[in-house]
Asker: 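Please see the structure below; I have some questions.
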Amino acid sequence: MGRIAYSRKEMKGTIPIVFLHGVYYDHNLWNYQISRIKNHSTIAIDMPLHGQSKSISKTDWNMDDCAHMLIEILDSLAVERCYAIGHSWGSMTILRAASQHPERFVGVGLCNMPMEEGSLRTKLQFGLQHTILPFRDFYIQQVAKAMFSKDNRLQKSEMIEYLAWSMGLLSNREIKKTDKEVISNVDSGYPYLDKLSVTALAMKGRDDYVTTLDKIETTIVEGKHTSPLEEPEKVWALINTLIRQTKE
C-alpha cells in the first residue's frame, strides 16, 4: 500500500489491541477507548489516505489490499496475535483479515460494519454526492447526518468538529477514491463472515443503516453510524467483554 502511519502505546508482555477507524476519520477516533486501556499495548492505525497515511504508492488498492495491509503491519511490528477493534471500514478490513488469517487474532470487535456489496444504485448515489464536494462545509453537514443521530448532532458538537477536522485532511480526490473502494465497489461481507472462526462481538447504532448480524452477538446502542464517538463508554465495555471472553 505504501507508508502507513500509526500511534503506538507499548506495554511489554501483553497482547496488543489494534484499532482501525472508518471512512473520513483517523486514529484519533479511538482516543477515549485507548485512554482507558491500562493492561494492553495499543496500536491505532491511520487507514490509507487518512490522517498521516498519505504516502500510498499503490494507486489501484481495494479492500483485499486493506486486509493484507493489516497483516503486513502486524508482521512489521512483530505482533504474532492481537485483538482488533474496528469501526465501519476498519471493521470490514478486520473481518476480511481475520477470516483469512484466524491464527493472528485472539478476538475482534466490529462496530458499525457494513456488509452489503456495492451496487449500481450506490455508485450513482455517491457520484451525485461528489458533485457537491467543492462545497465542503455543506458536504460535511451531509456526512454528519449520515454518521450521527439528530440528538447527538445537537448535543455533542465536538463530534462534528472532529469530523470536519479529519475530513479537512482529505482532498476531494482522496474522498472519491475511498468512497469508490470502500463503498461503491466493495464485495459482500457475508462470505467472510461465514469463514470467521475467531471470537467476535459486534455493535451498531439503533438508527444505523448497517445490517444486524445473526451470526455475531451484537449490541444495539443509541445513535447512528459512529458508535466510538456516540457511545464511547459502550464501546469501551465491548472491548472489556471481548477480552474477558477470550482470556487465555
Side-chain angles (χ1 to χ4, degrees), residues 1 20-26 29 47-50 56 58-70 86-97 99 110-150 153 160 163-164 166-167 169-196 202-216 218 220 223-230:
M1 292 286 276
L20 279 73
H21 63 81
V23 169
Y24 307 148
Y25 295 111
D26 74 342
L29 179 75
M47 297 294 279
L49 303 178
H50 291 57
I56 304 302
K58 185 176 177 61
T59 59
D60 60 342
W61 61 266
N62 55 30
M63 282 301 304
D64 284 341
D65 294 306
C66 293
H68 185 63
M69 172 201 74
L70 176 54
H87 165 250
S88 196
W89 175 20
S91 293
M92 296 159 70
T93 298
I94 292 167
L95 175 65
R96 286 158 174 77
S99 68
L110 308 169
C111 298
N112 313 102
M113 183 172 66
M115 294 293 293
E116 303 303 325
E117 183 179 4
S119 65
L120 176 60
R121 179 179 179 181
T122 303
K123 291 181 175 67
L124 293 174
Q125 175 186 349
F126 275 86
L128 181 62
Q129 289 181 9
H130 289 158
T131 63
I132 65 171
L133 265 173
F135 310 98
R136 183 58 74 96
D137 289 344
F138 180 68
Y139 190 84
I140 291 172
Q141 292 175 18
Q142 303 313 303
V143 172
K145 290 179 181 178
M147 293 289 191
F148 311 126
S149 70
K150 183 177 180 179
R153 294 199 306 274
I160 299 178
L163 174 65
S166 60
M167 287 191 71
L169 301 177
L170 293 161
S171 68
N172 290 352
R173 180 188 64 81
E174 291 167 341
I175 288 175
K176 289 178 181 179
K177 170 61 177 175
T178 305
D179 288 347
K180 176 183 176 183
E181 302 305 344
V182 178
I183 302 172
S184 299
N185 288 352
V186 71
D187 56 344
S188 171
Y190 291 103
Y192 303 100
L193 184 62
D194 290 340
K195 293 190 293 184
L196 187 65
M203 178 174 288
K204 57 166 286 188
R206 192 173 305 280
D207 299 321
D208 203 343
Y209 69 87
V210 303
T211 305
T212 301
L213 302 174
D214 294 331
K215 293 189 175 182
I216 300 179
T218 302
I220 309 297
K224 205 165 189 180
H225 190 62
T226 314
S227 297
L229 296 182
E230 295 183 285

Asker: Is the backbone of His225 close enough, under 3.5 Å, to the side chain of His87 for a donor and an acceptor to pair up by distance?
Answerer: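 Flag set: sc His87 to bb His225 pair under 3.5 Å.
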Asker: Locate the shortest heavy-atom distance separating Met167 from Ile140; write the atom from each residue and the value.
Answerer: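 Where Met167 meets Ile140 most closely, the heavy atoms are SD-CG1, 3.8 Å.
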Asker: To the nearest 0.5 Å, what is the distance between NZ on Lys224 and CG on Asn112?
Answerer: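 Interatomic distance, Lys224 NZ to Asn112 CG, rounded to 0.5 Å: 12.0 Å.
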Asker: Considering only heavy atoms from C-beta outward, does the side chain of Leu213 approach that of Met113 to under 4.5 Å?
Answerer: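 Yes, their side chains come closer than 4.5 Å.
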Asker: Taking C-beta and beyond as the side chain, do Thr211 and Tyr190 meet within less than 4.5 Å on heavy atoms?
Answerer: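 Thr211 reaches Tyr190 side chain to side chain.
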Asker: Any pair with a residue in residues 111-137 that passes salt bridge (charged side-chain N to carboxylate O under 4.0 Å, His left out), sequence neighbours left out, goes on the list, sorted by first then second residue, please.
Answerer: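 The answer is none; no pair qualifies.
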Asker: Can you tell me how far the CE atom of Met92 sits from the CE atom of Met115, to the nearest 0.5 Å?
Answerer: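 The CE atom of Met92 sits 9.0 Å away from the CE atom of Met115.
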Asker: What's the spacing between Ser119 OG and Asn185 CG if we round to 0.5 Å?
Answerer: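 The distance works out to 10.5 Å.
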Asker: Please give me the minimum heavy-atom distance between Ser166 and Asp26, naming the atom from each residue.
Answerer: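 Ser166 and Asp26 have their closest heavy atoms at CB-N, 4.4 Å.
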Asker: Please check if any side-chain donor atom of Thr218 sits under 3.5 Å from a side-chain acceptor atom of Lys204, or the reverse.
Answerer: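 The criterion, which ignores hydrogens and geometry beyond distance, is not satisfied for Lys204 and Thr218.
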Asker: Would you say the side chain of Met63 lies within less than 4.5 Å of the side chain of Glu181, judging by non-hydrogen atoms?
Answerer: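 The answer is no; the side chains never approach within 4.5 Å.
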Asker: Considering only heavy atoms from C-beta outward, does the side chain of Tyr24 approach that of Leu163 to under 4.5 Å?
Answerer: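 Contact flag for Tyr24/Leu163 side chains = yes.
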Asker: I need the minimum non-hydrogen distance between Met1 and Pro48, along with the two atoms involved.
Answerer: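 Smallest interatomic distance, heavy atoms only, reads CE-CG, 3.1 Å.
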Asker: In Å, rounded to the nearest 0.5 Å, how long is the span from CH2 of Trp61 to SG of Cys66?
Answerer: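 One gets 5.0 Å once the value is rounded to the nearest 0.5 Å.
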Asker: Measure the shortest side-chain to side-chain distance between Tyr192 and Ile94 over non-hydrogen atoms and say whether it is less than 4.5 angstrom.
Answerer: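 Of all side-chain heavy-atom pairs linking Ile94 with Tyr192, none is under 4.5 Å.
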Asker: Would you call Lys215 and Asp194 a side-chain contact if the rule is heavy atoms closer than 4.5 Å?
Answerer: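 Yes, their side chains come closer than 4.5 Å.
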Asker: Report yes or no: does His130 contribute a side-chain atom to a donor-acceptor pair with the main-chain N or O of Phe126 at less than 3.5 Å?
Answerer: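 Yes, the answer is positive, given that a donor and an acceptor are paired below the 3.5 Å cut-off.
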Asker: Can you name the closest pair of heavy atoms from Gly86 and Ser91 and give their distance?
Answerer: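 The pair with the smallest heavy-atom distance is O-OG, 2.8 Å.
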Asker: Is Asp179 reaching over with its side chain to a backbone N or O of Lys176, donor-acceptor style, under 3.5 angstrom?
Answerer: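 Not at all, since once roles are kept as given, no pair shorter than 3.5 Å links the two residues.
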Asker: Less than 4.0 Å between a side-chain N and a carboxylate O, is that true for Asp208 and Arg206?
Answerer: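 A salt bridge is absent here (no side-chain N lies under 4.0 Å from a carboxylate O).
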Asker: Output all residues satisfying side chain to side chain contact (heavy atoms under 4.5 Å, CB included) with Leu196, sequence neighbours left out; order by chain, then residue number.
Answerer: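 So Leu196 forms a side chain to side chain contact (heavy atoms under 4.5 Å, CB included) with Leu95, Ala98, Leu193, Val198, Ala200, Ile216.
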Asker: Are more than 12 heavy atoms, taken from residues, nucleotides or ligands other than Tyr209, located less than 6.0 Å from that residue's OH atom?
Answerer: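 Atom OH in Tyr209 is crowded, with more than 12 foreign heavy atoms closer than 6.0 Å.
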Asker: Could you tell me whether the side chain of Glu230 and the main chain of Ser149 form a donor-acceptor pair under 3.5 Å?
Answerer: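 It does hold such a pair.
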Asker: Should Thr178 and Met47 count as side-chain neighbours, where that means a heavy-atom distance under 4.5 Å?
Answerer: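 They are not in side-chain contact.
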Asker: If every non-hydrogen atom of Ser88 is compared with every non-hydrogen atom of Gly22, which pair is closest and at what distance?
Answerer: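 Minimum heavy-atom contact is CB-CA, 4.2 Å.
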Asker: Between OH of Tyr139 and OG1 of Thr131, what distance do you get to the nearest 0.5 Å?
Answerer: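 Rounded to the nearest 0.5 Å, the OH-OG1 separation comes to 9.5 Å.
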Asker: Which value, rounded to the nearest 0.5 Å, describes the distance between Ile175 atom CD1 and His50 atom NE2?
Answerer: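 Output value for this atom pair is 7.5 Å.
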Asker: Using a 3.5 Å distance criterion without hydrogens, assess whether the side chain of Thr226 forms a donor-acceptor pair with backbone atoms of Phe148.
Answerer: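 Between the backbone of Phe148 and the side chain of Thr226 there is no qualifying donor-acceptor contact (under 3.5 Å).
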